[in-house]
Amino acid sequence: MSAFRVLLVEDNPDDVDLTQEALEDADIETELTVAEDGVEALETLRPAGGRPGEGNPDLILLDLNLPRKNGFQVLDDIKADPDLKRIPVVVLTTSDELRDVAAAYDSYANAYVVKPIDLDEFTQAVRRVVEFWAEIAQMPPA
């Protein structure tokens with residue numbers, strides 16, 4: 001089986017490092033791609049000259065607080081695109097505001113996870129989310 005492909009949309013280098021560490025410690029083989037802002041995320045998902053669906057990630061971990069295009073805008077664009085809408089998107093953010101949780105689910109996020117402050121809890125949360133989507137959830141066809 002090929003590696004489980006994860007797109008991390010995150011502008012905080014420390015959170016990127018922690019996520020990489022969490023995936024290295026996971027029991028599954030993963031391939032991580034990082035986009036540092038919303039525009040870069042959409043360019044990664046829609047490469048110029050690329051065929052729809054070619055190289056798409058199996059899972060997107062999406063922060064909400066992003067430069068150039070925020071996470072809500074990225075989520076709306078992904079879920080409005082017929083070639084991308086089936087990719088599971090897990091919002092992984094610091095916001096525990098109920099309005100943000102509701103807005104994410106209203107935009108068809110597949111899950112909403114508040115980033116734990118504790119470093120060990122953060123890496124465990126990331127690992128558990130990815131392991132769930134890679135090993136337990138039935139994934140949609142490409």
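What's counted below: heavy atoms across the whole structure, side chains too, no hydrogens, waters or symmetry copies. As the structure is a computational prediction, the values presented were derived from the model and not from experiment.
- In this structure, Arg5 contributes its side chain and Asn56 its backbone to a donor-acceptor pair below 3.5 Å.
- Hydrophobic clustering of Ile, Leu, Val, Met, Phe, Trp and Tyr side chains at less than 4.5 Å, counting indirect connections, keeps Val126 apart from Ile117.
- A 4.5 Å side-chain heavy-atom check between Leu61 and Val129 finds at least one atom pair inside the cut-off.
- Residue-environment remark: CD (Glu36) stays at or below the threshold of 12 foreign heavy atoms within 6.0 Å.
- Within the model, atoms NZ of Lys79 and CG of Leu84 stand 9.0 Å from one another, a figure rounded to the nearest 0.5 Å.
- Here the side chains of Leu42 and Ile78 are in contact, with some heavy-atom distance below 4.5 Å.
- Rounded to the nearest 0.5 Å, atoms CD (Glu40) and CG (Leu7) are 9.0 Å apart.
- Formation of a donor-acceptor pair under 3.5 Å by the Asn110 side chain with backbone atoms of Val90 is not found in this model.
- Put simply, the side chain of Tyr108 never gets that close to the backbone of Lys85: no donor and acceptor are under 3.5 Å apart.
- Using a 4.5 Å heavy-atom cutoff, the side chains of Leu32 and Leu8 are in contact.
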| query | When you look at Leu23 and Val130, which way does the side chain to side chain contact (heavy atoms under 4.5 Å, CB included) test go after all the steps? | reply | CA-CA 8 Å; Leu23 296 179; Val130 172; 3.6 Å; yes
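- Using a 4.5 Å heavy-atom threshold, the side chains of Glu31 and Phe4 count as separate.
- Taking Lys115 as the reference, Glu10, Asp15 meet the side chain to side chain donor-acceptor pair (under 3.5 Å) condition, with sequence neighbours excluded.
- For the pair Asn70 and Asn65, the minimum side-chain heavy-atom distance is 4.5 Å or more.
- Among residue pairs with one or both ends in residues 121-137, none qualify as salt bridge (Lys or Arg N to Asp or Glu O under 4.0 Å); sequence neighbours excluded.
- Contact of the Phe132 side chain with the Pro88 side chain is not registered, since no non-hydrogen atoms from C-beta on lie closer than 4.5 Å.
- Here the side chains of Asp37 and Asp11 are not in contact, with every heavy-atom distance at 4.5 Å or above.
- Ser107 places no side-chain N or O within donor-acceptor distance of the main-chain N or O of Ala104, the cut-off being under 3.5 Å.
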| Residues Ile87, Asp58; criterion side chain to side chain contact (heavy atoms under 4.5 Å, CB included); working and verdict | CA-CA 6 Å; Ile87 301 170; Asp58 298 304; over 6 Å; no
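- Looking at heavy atoms from C-beta onward, Val9 lies out of side-chain contact with Asp63 at the 4.5 angstrom threshold.
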| message | Run the side chain to side chain contact (heavy atoms under 4.5 Å, CB included) test on Tyr112 and Asp100 for me, step by step, so that the C-alpha distance in whole Å, both residues' side-chain angles and the decisive distance to 0.1 Å come before the verdict. | response | CA-CA 9 Å; Tyr112 192 102; Asp100 288 343; 3.5 Å; yes
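- The distance from atom CG of Asp106 to atom CG of Leu75, rounded to the nearest 0.5 Å, is 10.0 Å.
- By the salt bridge (charged side-chain N to carboxylate O under 4.0 Å, His left out) test, Glu97 is found to be paired with Arg99, residues two or more places apart in sequence or in another chain being considered.
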| Can you check side chain to side chain contact (heavy atoms under 4.5 Å, CB included) on Ile28 and Thr30, steps first, answer last? | CA-CA 6 Å; Ile28 56 168; Thr30 56; 3.9 Å; yes
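- A salt bridge links Lys69 and Asp77; the closest N-O separation between the charged side-chain nitrogens and carboxylate oxygens is under 4.0 Å.
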